[in-house]
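First comes the structure, then the notes that go with it.
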Amino acid sequence: MSVFEPRVFSGVQPTGNLHLGNYLGAITRFVAMQDTHPCLYCVVDMHAITVWQEPAELQAAIREVASAYIAAGIDPKKSIIFNQSQVSGHAELAWIFNCVARMGWLNRMTQFKEKAGKNRENASTGLFVYPNLMAADILLYRATHVPVGEDQKQHLELTRDIAQKFNNDYAGRIADMGHDPEAGYFPLTEPIIAGPATRVMSLREGTKKMSKSDPSDLSRINLTDDADTISKKIRKAKTDAEALPSETDGLKDRPEAANLVGIYAALAEHSPEQVLNDFGGSQFSTFKPALADLAVAKLAPIADEMRRLKDDTAYIDQVLGAGADRADAIARPVMQGVKDITGFLSTRKG
Ligand code: AMP
Ligand code: TRP
């Protein structure tokens, strides 16, 4: 039995164009975990500014992610919905982790290589240490479980490495301060990467991840798309010319078909096997309209609710403010413990 109480943390960056991959790979999982765990769901604005963000657009995007959380079914009374920069512990712990993580570890991060591209000299230093901030997000609450899409796996391994190294480096001090020496100060957090849509692919290219930054809007279904747009994008999705197979083995080497079947399965809350039971032998001319109907039925109500919340900034800001207070109340004692372990002097009083 772990000494750490089960707690879920996850985050989404407010960088615009929330899409079906974010929804199926992350947000639906967030909703599901609320029934079994205390959960914190963060809008990670400090991560967003590792690449340039227009300030006025950033504010709108922060509120948009918060409204997507609520519209998708995260209950702000139950779960904590908040904005990263409003809880100062994230930045404080990230600094300490900048001093725990090693250059060699960060040099291996594939997301940095992708995002920095060819011009690495011009990438912000924040982009390089981004995974340390992510570890701080999680460990500031000693979260035990983190639901994410497949692309975050490497970052979560790094989070465990940081927790482990902190626990080892400061083992004597952790015991002296009265913490369980076996467990250490931080848990080794488990990634939750589950379901049929942990990696939703572009609708235009089945080997490329669906992404906020793809220049083609036809490549993704945005959470704010209306019913007609969703149907049009599915109709235009790239496919091959064959009928659907009746077994999942038949989806190998058919990335576009596999993607659409995975999307159908996730939206219907079925397995891909069940989907192929129903649609094996069907042409895309039959499958695509069925998928479009399902996608519209599931996504259009979320888009409607997001549009309604867009005009209610006072409500969103109140949810984020109350969430930040609740998050801060959990973070403060954890951060005080870190400062004591590290050997900093106690926080000034008065
Ligand atoms: P981001 O938009 O990068 O902040 O991602 C927010 C969450 O959505 C993370 O848990 C990602 O792993 C997940 N995610 C992003 N793109 C996809 C995708 N194409 N398929 C599945 N999950 C995704
Ligand atoms: N890096 C994640 C992404 O791009 C977002 C994120 C930041 C996150 N901090 C987190 C996800 C903590 C899970 C836990 O998708």
Side-chain angles (χ1 to χ4, degrees), residues 7-31 33 39-51 53 61-62 64-65 68-69 72 82-85 87 89-91 93-94 97 109-112 114-115 126-127 129-160 162-163 189-214 219-223 255 258-259 262-263 265-267 327:
R7 181 175 280 144
V8 167
F9 183 98
S10 198
V12 174
Q13 298 190 62
T15 41
N17 294 337
L18 276 174
H19 55 69
L20 186 65
N22 298 129
Y23 178 67
L24 296 176
I27 300 176
T28 56
R29 321 296 307 171
F30 300 179
V31 176
M33 294 195 84
C39 301
L40 294 112
Y41 296 124
C42 188
V43 186
V44 289
D45 51 357
M46 289 160 64
H47 278 92
I49 63 162
T50 54
V51 298
Q53 303 296 328
I62 291 168
E64 180 170 272
V65 174
Y69 282 170
F82 75 109
N83 188 22
Q84 187 182 30
S85 63
V87 177
H90 292 259
L93 188 56
F97 288 170
M109 295 293 115
T110 54
Q111 186 174 297
F112 173 76
E114 280 160 26
K115 285 202 177 179
L127 190 65
V129 294
Y130 170 120
N132 298 342
L133 176 59
M134 181 160 161
D137 298 340
I138 295 164
L139 296 175
L140 185 59
Y141 306 96
R142 293 164 139 177
T144 52
H145 297 87
V146 176
V148 281
E150 164 77 36
D151 59 352
Q152 295 304 309
K153 193 162 175 241
Q154 196 184 33
H155 289 158
L156 288 174
E157 282 160 9
L158 188 95
T159 300
R160 291 165 71 97
I162 288 176
T189 306
E190 280 188 41
I192 309 280
I193 303 173
T198 55
R199 190 172 171 82
V200 176
M201 308 309 273
S202 156
L203 298 180
R204 304 303 296 166
E205 230 183 300
T207 51
K208 220 168 104 186
K209 195 178 67 169
M210 184 177 285
S211 134
K212 289 169 173 171
S213 56
D214 194 313
S219 70
R220 65 180 161 260
I221 294 176
N222 299 305
L223 283 190
N259 190 37
I263 291 172
L267 285 170

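We count ligands from 1, going down the list as the structure has it; atoms in each ligand are counted the same way.
Looking at Val200 and Lys209, their side chains never come closer than 4.5 Å, going by heavy atoms from C-beta outward. Looking at Leu133 and Gln84, their side chains come closer than 4.5 Å, going by heavy atoms from C-beta outward. Residues Val65 and Val44 are not in side-chain contact: their nearest non-hydrogen atoms beyond the backbone lie 4.5 Å or more apart. Proximity of His47 to Asp137: side-chain heavy atoms (C-beta onward) are separated by under 4.5 Å at one or more points. Between Ile263 and Leu203, the closest side-chain pair of non-hydrogen atoms falls below 4.5 Å. Looking at Thr144 and Glu190, their side chains never come closer than 4.5 Å, going by heavy atoms from C-beta outward. You'll find the side chain of Arg199 stays beyond 4.5 Å of the side chain of Met210, heavy atoms only. Side-chain atoms of Ile193 and Val148, non-hydrogen and from C-beta on, do get closer than 4.5 Å to each other.
Distances below 4.0 Å separate heavy atoms of Ser10 from the following atoms of ligand 2: 11 (C), 13 (C), 14 (C). Heavy-atom proximity to Val44, at under 4.0 Å, picks out these atoms of ligand 2: 7 (C), 9 (N). When each atom of ligand 2 is checked for a heavy atom of Val148 under 4.0 Å away, the hits are 11 (C), 13 (C). Near Gly25, meaning under 4.0 Å from any of its heavy atoms, are these atoms of ligand 1: 21 (C), 22 (N). Interface of Tyr130 with ligand 2, defined as ligand atoms under 4.0 Å from a residue heavy atom, comprises 1 (N), 2 (C), 3 (C), 4 (O). Here is the list of ligand 2 atoms found below 4.0 Å of a heavy atom in Val146: 13 (C), 14 (C). Shown in contact with Gln152 at under 4.0 Å from a heavy atom are these atoms of ligand 1, numbered in order with element: 12 (O). Short contacts between ligand 1 and Arg199, defined as distances under 4.0 Å to a heavy atom of the residue, involve ligand atoms 20 (N), 21 (C). Listed by atom number, the atoms of ligand 2 under 4.0 Å from Gln13 heavy atoms are 3 (C), 4 (O). Every atom of ligand 2 with a heavy atom of Ile138 under 4.0 Å away is listed here by number and element: 12 (C), 14 (C).
Of all non-hydrogen atoms in Gly89 and Leu140, the two that sit nearest each other are C-CD2, 3.5 Å.
The protein heavy-atom contact nearest to atom 21 (C) of ligand 1 is Thr198 O, 3.2 Å. Counting protein heavy atoms only, atom 12 (C) of ligand 2 is closest to Phe9 CE2, 3.5 Å. What sits closest to atom 23 (C) of ligand 1 on the protein, heavy atoms only, is Gly21 O, 3.5 Å. For atom 7 (C) of ligand 1, the closest heavy atom belonging to the protein is Ala26 CB, 3.6 Å. Ranking the protein heavy atoms by distance from atom 3 (O) of ligand 1 puts Gln13 NE2, 3.8 Å first. Looking only at heavy atoms of the protein, atom 5 (C) of ligand 2 is closest to Gly11 O, 3.7 Å. Ranking protein heavy atoms by distance to atom 9 (N) of ligand 2, first place goes to Asp137 OD2, 2.6 Å. Nearest protein heavy-atom contact of atom 16 (N) of ligand 1 is His19 CE1, 3.5 Å. Of the protein's non-hydrogen atoms, Asn22 ND2, 3.8 Å is the one closest to atom 14 (N) of ligand 1. When only non-hydrogen protein atoms are considered, atom 2 (C) of ligand 2 lies nearest to Gln152 OE1, 3.4 Å.
Residue contacts with ligand 1 do not include Met201, since none of its heavy atoms lies under 4.0 Å from the ligand.
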Applying side chain to side chain contact (heavy atoms under 4.5 Å, CB included) to Val43 and Phe82, what does each step give before you reach the verdict?
CA-CA 6 Å; Val43 186; Phe82 75 109; over 6 Å; no

Intermediate values then yes/no, side chain to side chain donor-acceptor pair (under 3.5 Å), Thr110 and Gln154:
CA-CA 8 Å; Thr110 54; Gln154 196 184 33; 3.2 Å; yes

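For Gln111, no nitrogen or oxygen atom sits less than 3.5 Å from a nitrogen or oxygen atom of ligand 2, counting backbone and side chain alike. Here's the thing with Ala197: none of its N/O atoms is less than 3.5 angstrom from an N/O atom of ligand 1. Residue contacts with ligand 1: Lys212 is placed with a nitrogen or oxygen under 3.5 Å of a nitrogen or oxygen of the ligand (distance criterion only). Residue contacts with ligand 1: Gly149 is placed with a nitrogen or oxygen under 3.5 Å of a nitrogen or oxygen of the ligand (distance criterion only). Checking only distances, Met210 does come within under 3.5 Å of ligand 1, N or O to N or O. For Lys209, no nitrogen or oxygen atom sits less than 3.5 Å from a nitrogen or oxygen atom of ligand 1, counting backbone and side chain alike. Residue contacts with ligand 2: His155 is placed with no nitrogen or oxygen under 3.5 Å of a nitrogen or oxygen of the ligand (distance criterion only).
The aromatic rings of Tyr141 and His90 sit tilted, their planes meeting at an angle between 30° and 60°. Aromatic ring orientation, His155 versus Tyr130: tilted (interplanar angle from 30° to 60°). Taking the six-membered ring where tryptophan is involved, the planes of Phe30 and Tyr69 are perpendicular, since the angle between them exceeds 60° and thus also 30°.
With distances taken over non-hydrogen atoms, the option nearest atom 12 (O) of ligand 1 out of Val200, Val148, Asp151 is Asp151.
The pair Arg204-Asp214 fails the salt-bridge criterion, with no side-chain N (NZ, NE, NH1 or NH2) lying under 4.0 Å from an Asp/Glu carboxylate O.
Other residues, nucleotides and ligands contribute only 12 or fewer heavy atoms inside 6.0 Å of the NZ atom of Lys153.
The distance from the CE atom of Met134 to the CZ atom of Phe9 is 9.0 Å, given to the nearest 0.5 Å.
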